[in-house]
A.B. asks: 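After the structure tokens below, expect a handful of questions from me.
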2 protein chains.
Amino acid sequence: MTADTLSRTFAALADPTRRDIVARLSVGDATVNQLAEPYAMSLQAVYKHLRVLEEAGVVSRPPGPQPRSVRLETGPLNVMDEWIEQYRRRAEQRYQRLDRVLAELDDEEPEA
Amino acid sequence: MTADTLSRTFAALADPTRRDIVARLSVGDATVNQLAEPYAMSLQAVYKHLRVLEEAGVVSRPPGPQPRSVRLETGPLNVMDEWIEQYRRRAEQRYQRLDRVLAELDDEEPEA
DNA sequence: TTGTCTTTCAACCACATAGTTGAAAGGCTG
DNA sequence: CAGCCTTTCAACTATGTGGTTGAAAGACAA
């Protein structure tokens, strides 16, 4: 456990296969075999992807009977979302303020 | 150019230094020297980080006089945000539906 | 033009990651 | 128990990444 949650979550979703898995889990829980079915890669590779998602907390595998189901957890997605929103909003407000200032300058000196 | 925009954006923000740079740019544009100042790493390393952010479109460096300013772009943040929101919302709605079903079962068979 | 600051390029190192294969445990079920 | 399916572990390969240093271009000011 070296990197923080945010780093692990972003890194987990940087891989297209893992984003695809997340997309499919948003529809409903699935077994590993069901998740692995569409891919050409080995089953072990899918398990590796799941472990990355699990260590980021994006996915959980509740204990239970042998074909353990995989479930999407929304906690880390929320954290990530808040992070992005915070800075995105800050930047956009800044740009809007700038736009207003430029508009005022236009009013003061039309066709200058 | 191998990975898609979404992969590059997630990967770009998986690094704490780059997230820190984004956070600081949300307050206002900055020069590379200003951005590099807080870090122990070499200036070239900061340039590398900026290139990663730039190739993801998270940051732009508009042409101009020599100390070129770095600016935060909100486009990729929006795209990423929409991606996350889509699946986060889908999963949460599913869980809420499940909660309702369980509550109904409780109503039908109290203390069963 | 010369000097200085900014920016980029190249080579290198250590380490992580995505994938493979093979083998070993674990856990149900006949 | 025996067997099958699921899950994990280990070793290995290829490639990417974050950092370094050194050097070369580029751009501006004196």
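Within every chain, numbering begins at 1; the chains are lettered A, B, ... in the order of the sequence lines, protein sequences first and strands thereafter. Computed over heavy atoms, backbone and side chain alike; hydrogens, waters and symmetry mates excluded.
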A.B. asks: Using the test side chain to side chain contact (heavy atoms under 4.5 Å, CB included), find all partners of B/Ala23 that sit at least two apart in sequence or belong to another chain.
C.D. replies: A/Tyr87
A.B. asks: Among all residues two or more places apart in sequence or in another chain, which pass the side chain to side chain donor-acceptor pair (under 3.5 Å) test with A/Tyr47?
C.D. replies: none
A.B. asks: Are OP1 or OP2 of C/dT8 and a side-chain N or O of B/Arg61 less than 4.0 angstrom apart?
C.D. replies: yes
A.B. asks: Under 4.5 Å between side-chain heavy atoms, counting indirect links through other Ile/Leu/Val/Met/Phe/Trp/Tyr residues: same cluster for A/Val79 and A/Val52 or not?
C.D. replies: no
A.B. asks: Check side chain to side chain contact (heavy atoms under 4.5 Å, CB included) between B/Gln34 and all other residues, then give those that pass, not counting sequence neighbours.
C.D. replies: B/Ala30, B/Thr31
A.B. asks: Scan B/Gln44, B/Arg18, B/Glu54 and name whichever one has a side-chain hydrogen bond (donor to acceptor under 3.5 Å, both in side chains) with B/His49.
C.D. replies: B/Arg18
A.B. asks: Return the value, rounded to whole Å, for the distance between atom CD of A/Gln34 and atom C1' of D/dC5.
C.D. replies: 14 Å
A.B. asks: Check A/Arg88, A/Arg89, A/Arg94 against A/Glu92 for a side-chain hydrogen bond (donor to acceptor under 3.5 Å, both in side chains) and give me the one that passes.
C.D. replies: A/Arg88
A.B. asks: Counting only side-chain N and O atoms of A/Asn33, is one of them less than 4.0 Å from OP1 or OP2 of D/dT6?
C.D. replies: yes
A.B. asks: What is the ring orientation for B/Phe10 with A/Phe10, classed by angle as parallel under 30°, tilted 30 to 60°, or perpendicular over 60°?
C.D. replies: tilted
A.B. asks: I'd like to compare against my own output: the B/S/- annotation of nucleotides 25-30 of chain D with a strict under-4.0 Å heavy-atom distance to protein.
C.D. replies: -BSS--
A.B. asks: Check nucleotides 17-21 of chain C against the protein and report each pair of N or O atoms closer than 3.5 Å, with its distance, or say if there are none.
C.D. replies:
{"unit_1": "C/dA18", "atom_1": "OP1", "unit_2": "A/Arg18", "atom_2": "NH2", "d": "2.9"}
{"unit_1": "C/dA18", "atom_1": "OP2", "unit_2": "A/Arg18", "atom_2": "NH1", "d": "3.0"}
{"unit_1": "C/dG19", "atom_1": "OP2", "unit_2": "A/His49", "atom_2": "NE2", "d": "2.1"}
{"unit_1": "C/dG19", "atom_1": "N7", "unit_2": "A/Lys48", "atom_2": "NZ", "d": "3.1"}
{"unit_1": "C/dG19", "atom_1": "O6", "unit_2": "A/Lys48", "atom_2": "NZ", "d": "2.3"}
{"unit_1": "C/dT20", "atom_1": "OP1", "unit_2": "A/Ser42", "atom_2": "N", "d": "3.2"}
{"unit_1": "C/dT20", "atom_1": "OP2", "unit_2": "A/Ser42", "atom_2": "N", "d": "2.9"}
{"unit_1": "C/dT20", "atom_1": "OP2", "unit_2": "A/Ser42", "atom_2": "OG", "d": "2.8"}

A.B. asks: Report which part of the nucleic acid A/Arg68 touches: base, sugar-phosphate, or nothing (heavy-atom distance under 4.0 Å, all strands).
C.D. replies: sugar-phosphate
A.B. asks: What residues, two or more places apart in sequence or in another chain, satisfy side chain to side chain contact (heavy atoms under 4.5 Å, CB included) together with B/Pro62?
C.D. replies: B/Ser60, B/Ser69
A.B. asks: Does the side chain of A/Tyr47 get closer than 4.0 angstrom to OP1 or OP2 of D/dT8 through an N or O atom?
C.D. replies: no
